[in-house]
Amino acid sequence: MATDQDFIAYVHEQAGLGARLEHRRMFGEYALYLDGKVVAFACDNSLLLKPTDAGRQVLPALSMGRPYPEAKEYYVLDEFLDDPDLLRLALFVTAGALPAPRPRPAKRAATGQATRSPPPGGKGRRR
């Protein structure tokens with residue numbers, strides 16, 4: 001069962017982080033970003049937090065789960081969705097424990113002109 005938009009909207013509402021918390025579709029499910037860092041995944045209407053020592057200290061009684069069978073284990077936050085303060089704290093400490101995202105390479109600007117490669121052998125057409 002794929003995650004639905006109502007679940008994503010509920011997570012955003014409960015976290016109360018406004019535009020700081022973003023989501024993007026990823027492999028049919030969702031990745032959640034806090035200040036540009038992937039902190040959690042929403043899979044099958046379940047919220048899975050990236051495992052960090054900081055997250056474990058804030059939420060010591062966490063259960064573990066996998067977004068799909070071959071994946072590593074993540075902290076399952078479903079039981080904390082109804083506690084906005086604890087949810088927000090878990091997201092913040094996890095983001096703080098993760099490295100900054102790598103910068104994406106800049107896209108090349110389109111010039112609007114078609115470029116043509118020379119034919120093999122390096123010689124053009126003779127006229």
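Nothing here was measured: the structure is a model prediction, and the numbers come from that model.
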For the atom pair CG (Leu34) and NE2 (His23), what is the distance rounded to the nearest 0.5 Å? 14.5 Å

Partners passing side-chain hydrogen bond (donor to acceptor under 3.5 Å, both in side chains) against Gln5 (at least two apart in sequence or in another chain): Tyr30

Where Ala31 and Val38 come nearest, the two heavy atoms and their spacing: CB-CG1, 4.4 Å

Tell me, with the steps shown, if Leu62 and Arg56 meet side-chain contact (heavy atoms from CB on, under 4.5 Å). CA-CA 7 Å; Leu62 287 169; Arg56 176 61 78 185; 3.7 Å; yes

Quick one: does any side-chain atom of Asp4 pair with a main-chain N or O of Asn45 as donor and acceptor, under 3.5 Å? no

Show the nearest heavy-atom pair for residues Ala97 and Ala54, with the distance to one decimal. CB-CB, 4.1 Å

Side chain of Lys37, backbone of Ala95: donor and acceptor closer than 3.5 Å? yes

Could you see if Phe92 belongs to whatever hydrophobic cluster contains Phe41? Use Ile, Leu, Val, Met, Phe, Trp, Tyr and a side-chain cutoff under 4.5 Å. no

Value rounded to 0.5 Å, distance of CD in Glu22 from CD1 in Ile8: 13.0 Å

With the 4.5 Å side-chain cut-off for hydrophobic clustering, are Met64 and Leu49 part of the same group? yes

Might you point out which heavy atoms bring Leu98 and Lys50 nearest each other, and give the distance in Å? CD1-CD, 3.9 Å

Considering all heavy atoms of both residues, which atom of Ala15 and which atom of Leu91 are nearest to each other, and what is their separation? CB-CD1, 3.9 Å

Enumerate, atom names and distances included, each donor-acceptor pair closer than 3.5 Å involving a side-chain atom of residues 73-85, sequence neighbours excluded.
residue	atom	partner	partner atom	Å
Tyr75	OH	Thr52	O	3.1
Asp78	OD1	Ser46	OG	3.2
Asp78	OD1	Leu47	N	2.8
Asp78	OD2	Ser46	OG	2.6
Asp82	OD1	Tyr10	OH	2.3
Asp83	OD1	Asp85	N	3.4
Asp83	OD1	Leu86	N	3.2
Asp85	OD1	Arg88	NH2	2.7

With side-chain contact (heavy atoms from CB on, under 4.5 Å) as the criterion, how do Arg20 and Tyr33 come out once you've worked through the C-alpha distance, each side chain's angles and the decisive distance to 0.1 Å? CA-CA 8 Å; Arg20 291 182 71 182; Tyr33 295 76; over 6 Å; no

CD/Gln14 to CG/Leu21 distance, rounded to the nearest 0.5 angstrom? 12.0 Å

Looking at Val39, is its backbone amide N or carbonyl O close enough to the side chain of Thr94 to form a donor-acceptor pair, meaning the two atoms are under 3.5 Å apart? no

